[in-house]
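Taking it in order: structure first as structure tokens, then the write-up.
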Protein chains: 2
Amino acid sequence: MNARRPYKREGEEARRAALIRATLDCIAEGGPQAATVRAIALKAGVTQGLIRHYFATKEELIAAAHETLMTGLTEGSLARLDDLPADPLARLAGFIGNAVSPPVVDPRAMALWAASMQLVPRDPAMRAVHEATYLAFRDRLEAMIAQALRAAGKAPGPGESRAFAIAGNALLDGLWIEASLLPEHFTEGEMKSIAIKAFERLLDLKLPE
Amino acid sequence: MNARRPYKREGEEARRAALIRATLDCIAEGGPQAATVRAIALKAGVTQGLIRHYFATKEELIAAAHETLMTGLTEGSLARLDDLPADPLARLAGFIGNAVSPPVVDPRAMALWAASMQLVPRDPAMRAVHEATYLAFRDRLEAMIAQALRAAGKAPGPGESRAFAIAGNALLDGLWIEASLLPEHFTEGEMKSIAIKAFERLLDLKLPE
DNA sequence: TTGGCAATTATGCAAGCGTATAATTTAGGC
DNA sequence: GCCTAAATTATACGCTTGCATAATTGCCAA
């Protein structure tokens, strides 16, 4: 008579977080097709039935994992801003530097991001999450750009600010992808320098560092 | 007594090409998980058993499809370069405009690209293909930027040209992704205008159109 | 100490998957 | 016009998947 596996009760938050972390690990290691209910449960140290207790469907778990990933990436770029001087130009420069340097630049994160992008066009939930996180990031960038320009006495026109944010966001996205996908083609310092100089020319600003 | 489905014999090349095309269609429409043997066979207008007659395993078919996709994308972008005007400034502007407008901007291409990106960090062959196509594209852009700058009497410094190409490539990639992923957030004209203006400021150039 | 309830495990199921193999049809050489 | 080899269809098998449900266990209140 095999004894039933012993277990510990965990708070709802902790369990959900553990399941999401296990999901992201599975996707990062073997792609979305490797993130089966059984594999996720194994990695999280629970049995598969528990997943359905916290997420009505696997799709729901995947969407939650995507949201966690994206907000994590966004916050990674914003996290160390508090260490920088309040000067708007230094803040913008620091933000740009963070976005194209480790730990934001990371092959694992890149693989997860690519997996998510693939789902966005056909899964409404994923699309909504992407839209929200994309706009949140872009709005932060737009505000920072506007403050930096004002600090330099070059207040942007109404539509100009939006265009700067769209282009700046695209620039950071592209550099992040390149740095994450082919890291040995660039040194960390080079990427940072290219990003800062590109923003300087884009905004006609002199940025510190 | 149901009659057995009638069929036509096709040349090996044609059948392999049809199966690969059907595979890419399936991936574009429903992601890799939708590219099942049965779905591919249905879309190709054959029965599933035939697939194994041309490809020993499904993995082999997927690999062939990815190779076809990547070489097709590379050749497509290189071919479009020849259709552009000879004047360096108009040439660069036209190239930028094309890169952020249909048919280059295309949800199907985006989905396929995301599926490939996902494999790059894990699969050395995919990584090699990506590296080669990325560098080929970037080198072409670098040459066009250098010619445009020279035409405007602003020859770039040695390291400057590389930095412009990396940043410009990142900018185009990012805008292409945004436009493909959230098309209703931008009008075609807006994206084109943003891209051209961003390059004008980045390179300190006046571009036509 | 002990109920009781929610958290967790355990088991089962139907559907879809890739693959194997046998049966049949097509097309071309003779 | 038939005969043969290859192309294609048809069928079946074993496995994995996501999901459902029953059985058990851990924990907290009383």
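In what follows, chains carry the letters A, B, and so on, assigned in the order in which the sequence lines appear, proteins first and then strands, with residues in each chain numbered from 1.
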Rounded interatomic separation in angstrom, taking CG from B:Leu50 and P from C:dT21 = 17 Å
Is there a side chain to side chain contact (heavy atoms under 4.5 Å, CB included) between B:Phe55 and B:Val37 once you walk through the steps?
-> CA-CA 11 Å; B:Phe55 300 92; B:Val37 173; over 6 Å; no
Would you classify A:Thr36 as touching base, sugar-phosphate or nothing, given that sugar-phosphate means primed atoms plus P, OP1 and OP2, and contacts are heavy atoms under 4.0 Å?
-> sugar-phosphate
Which whole-number value in Å describes the distance from A:Leu61 CG to D:dC19 P?
-> 10 Å
Side-chain touch A:Glu142/A:Phe164, heavy atoms, less than 4.5 angstrom | no
If you look at every strand shown and take non-hydrogen atoms under 4.0 Å, does B:Tyr54 touch a base, only sugar-phosphate, or nothing?
-> sugar-phosphate
Grab the two heavy atoms, one from B:Leu181 and one from A:Pro121, that are nearest each other, plus how far apart they are.
-> CD1-CG, 4.3 Å
Indicate yes or no: at least one non-hydrogen side-chain atom of A:Gln147 is less than 4.5 angstrom from one of A:Leu92.
-> no
Between C:dA20 atom P and B:Ile51 atom CD1, what is the distance in whole Å?
-> 14 Å
Options D:dG18, C:dT9, D:dT8, nucleotide nearest the side-chain atoms of A:Val46 | C:dT9
Would you give a per-nucleotide map of nucleotides 20-30 of chain D, 5' to 3', where B means the base has a protein non-hydrogen atom under 4.0 Å away, S means only the sugar-phosphate does, and - means neither?
-> S--BBBBS---
In whole angstroms, the gap separating C1' of D:dT8 from CD1 of B:Ile40 amounts to 17 Å
note: A:Arg16, atom CZ; C:dA6, atom C1'; distance rounded to Å ~ 16 Å
Please name all residues satisfying ring-ring contact (aromatic ring centres under 6.0 Å, His included) with A:Phe137, sequence neighbours left out, ordered by chain then number.
-> A:Phe95
Atom CD of B:Glu10 and atom C1' of C:dG28 are separated, to the nearest Å, by 16 Å
Can A:Thr23 and A:Thr68 be said to form a side chain to side chain contact (heavy atoms under 4.5 Å, CB included), step by step?
-> CA-CA 11 Å; A:Thr23 302; A:Thr68 297; over 6 Å; no
Shortest side-chain distance from A:Thr57, nucleotide among C:dT19, C:dT9, D:dC19 | D:dC19
Got a second to check how far A:Ile96's CD1 is from A:Leu172's CG, nearest 0.5 Å?
-> 6.0 Å
Under 3.5 Å donor-acceptor pair, B:Arg38 side-chain atoms to C:dG16 base atoms | no
Spacing between A:Glu60 atom CD and D:dC19 atom P, to the nearest angstrom | 10 Å
When the distance from CG of A:Leu19 to C1' of C:dT8 is rounded to whole Å, what number comes out?
-> 12 Å
Sidechain N-carboxylate O distance under 4.0 Å for B:Asp139, B:Arg162 = no
Tell me, which of residues 27-35 of chain B have any heavy atom that sits under 4.0 Å from an atom in DNA chain D?
-> none
Donor on one side chain, acceptor on other, B:His185 and A:Glu131, under 3.5 Å = yes
Of the candidate nucleotides C:dA7, D:dA7, D:dC13, which contains the atom at the shortest distance from the side chain of B:His53?
-> D:dA7
